[in-house]
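Below, chain A is the first sequence line, B the second, and so on; all start at residue 1.
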2 protein chains.
Amino acid sequence: MKKYLKILQQCPLFSQIDTENLLRMLTCLGARIEMFDKKYTIIAEGNPAKYIGIVLTGSVQVMRIDYYGNRSILAEAEAGELFGEDFACAEVSAIPVTIIANEPSTVMLIDCSHVLHTCTNNCGFHQQLIFNLMKDLASKTIAFHQKAEITAKRTTREKLMSYLLFQAKKTGSHSFDIPFDRQELADYLEVDRSGLSAEISKLRREGILKSEKNHFVLL
Amino acid sequence: MKKYLKILQQCPLFSQIDTENLLRMLTCLGARIEMFDKKYTIIAEGNPAKYIGIVLTGSVQVMRIDYYGNRSILAEAEAGELFGEDFACAEVSAIPVTIIANEPSTVMLIDCSHVLHTCTNNCGFHQQLIFNLMKDLASKTIAFHQKAEITAKRTTREKLMSYLLFQAKKTGSHSFDIPFDRQELADYLEVDRSGLSAEISKLRREGILKSEKNHFVLL
DNA sequence: AGAAGTATGTTGAATTTTCAACACAATGAG
DNA sequence: CTCATTGTGTTGAAAATTCAACATACTTCT
């Protein structure tokens, strides 16, 4: 557990909680650590949404596959970020998404009911945890709005350009890497992969961007 | 203020808070009540996201208009429901959506900073309010996921059918009203209005549904 | 080095959406 | 009642997406 202290302290769930109390609290909450290989399922759609997940190393993807087999990538979480906390806090009986490891990853899982409902030891940090969860959920909503702003666009080109401009803004540079391969980017933007590839080539020919693999430069 | 007590008690923000305390709290929070005519703007995009809104009568729409003039309807809130709380809780400097009255409406506005940061009177209900906000934000995320599941579909027909099936499930009947006119439904599903009309006619001809104005029957 | 598998780009045909324009019904104001 | 406005359905042409199939790189494994 101590091995991951540094990353846990950066986690929004534990904001304003000092090291000593953090360790005690994790025991009290029954936190456990698990490891997953690349592409392995951490939480499968349809299961009860019990756990708040924290990425300790690696990264995870939140996705859904619809009736027709189309995959949507809904979000990505990297080290220090939470996943599944929205469904766990809403106490839904079945989680509507699947969460997989994007690469070999270590995650911490905390039973959400231990966070929401005061434990018998009354360890006294629930109020801060609930405040932190509230802030986290609010910023998740913002992120979701940003994604919706991109996918609401009508054409592949507009979706792609809004996404790239957003990434450029986020990294503060015209030159940046994206965390997706082509198929994943297509699934994130909710468009056809081959059409996306064609559109990238077109933008390249028009001198609007340069790209190589998952590195992009906006001109 | 007393006039709206009944609806305020149903509001998720005030869950677990009794009448007497509710009234005192509203004063302490500096809650104010405003009225808006149909189609009037309650909160305009770009303004600071200061307020938690509560619909007292009527209903409001959360929407955004993009660069090209396409409107997206993101959500609807009816009496007793909250709006804008996600942005206020995230303390973003500019709200990325516009919120308008869908019909003549009365709303209560509460400065979110009064809720998040303990007031000098220490009226003692902040913990409950923050818990309630956390639960509300979690269920907003669920609702947002449901909308995303609909708009992620690739064709107008699939979007429309998922929407209608969802409404049927929600009302528990194959016969139901929707809260949108055609243009609004198109903006909610993020498709072209005329294409949507054509698709509804087609489904009607195929015997899959009956519809008249905003009333639908799935067969 | 060679083989197998994965990722990416390309193409053309079929499908679907968007867009603009118009007809007609319903609504509301004077 | 009439006129003007708004909402809805229809159509055809243009544009864009999807889909399937394939060529070519790039990886990974032995």
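- Distances shorter than 4.0 Å separate some side-chain N or O of A:R154 from OP1 or OP2 on C:dT18.
- Atom-to-atom, NZ of B:K38 to C1' of D:dT6 comes out at 11 Å; the value is rounded to the nearest Å.
- Near DNA chain D, meaning a heavy atom under 4.0 Å away, the residues from residues 186-203 of chain B are B:R193, B:S194, B:S197, B:S201.
- The aromatic ring centres of B:F216 and B:H174 sit 6.0 Å or more apart.
- Regarding A:L160, its CG atom lies at a distance of 11 Å from the P atom of C:dG9, rounded to whole Å.
- Rounded to whole Å, the distance from CD on B:E158 to P on C:dT16 is 9 Å.
- OP1 and OP2 of D:dT17 both lie 4.0 Å or more from every side-chain N or O belonging to A:K159.
- Remark: B:K50 does not engage B:E91 in a salt bridge, criterion side-chain N to carboxylate O under 4.0 Å.
- If you take CG of A:N214 and P of D:dC26, they are 14 Å apart, rounded to a whole angstrom.
- Checking each of A:R193, A:R71, A:R182 against A:D187 for a side chain to side chain donor-acceptor pair (under 3.5 Å) leaves exactly one that passes, namely A:R71.
- A salt bridge is absent between A:R154 and B:E190: the closest approach of a Lys/Arg side-chain nitrogen to an acidic carboxylate oxygen does not fall below 4.0 angstrom.
- Here the nucleotide nearest the side chain of A:T156, chosen from D:dT8, C:dT17, D:dT17, is D:dT17.
- A salt bridge is defined here as a Lys NZ or Arg NE, NH1 or NH2 lying under 4.0 Å from an Asp or Glu carboxylate O, and B:E34 with B:R32 meets this definition.
- In this structure, A:R204 reaches the C:dG9 phosphate: one of its side-chain N or O atoms is under 4.0 Å from OP1 or OP2.
- A:Q183 places its CD atom 11 Å from the C1' atom of C:dT8, with the value rounded to the nearest Å.
- Looking at A:K159 and A:E199, no side-chain N of the basic residue comes within less than 4.0 Å of a carboxylate O on the acidic one, giving no salt bridge.
- Among the nucleotides C:dA7, D:dA16, C:dT16, the one closest to the side chain of A:T155 is D:dA16.
- Here D:dA15 presents its P atom at 16 Å from OH of B:Y68, a figure rounded to the nearest Å.
- Across its full length, the helix from C:dA1-D:dT30 to C:dG30-D:dC1 shows an angle of 50° between the axes of its 5 terminal pairs at either end, rounded to 10 degrees.
- Between B:M63 and B:L74, every side-chain heavy-atom pair lies at or beyond the 4.5 Å cut-off.
- Of the residues listed (A:L56, A:L82, A:V55, A:I17), the one engaging A:C11 in a side-chain contact (heavy atoms from CB on, under 4.5 Å) is A:L82, and it is the only one.
- The phosphate of D:dT17 (OP1 or OP2) has no side-chain N or O of B:K153 nearer than 4.0 angstrom.
- Per the geometry, CG belonging to A:D181 stands 16 Å off P belonging to D:dC26, to the nearest Å.
- Judged by distance alone, the side chains of B:E103 and B:S59 do bring a donor and an acceptor atom under 3.5 Å apart.
- Between A:N70 atom CG and C:dT16 atom P there is a gap of 14 Å when expressed in whole angstrom units.
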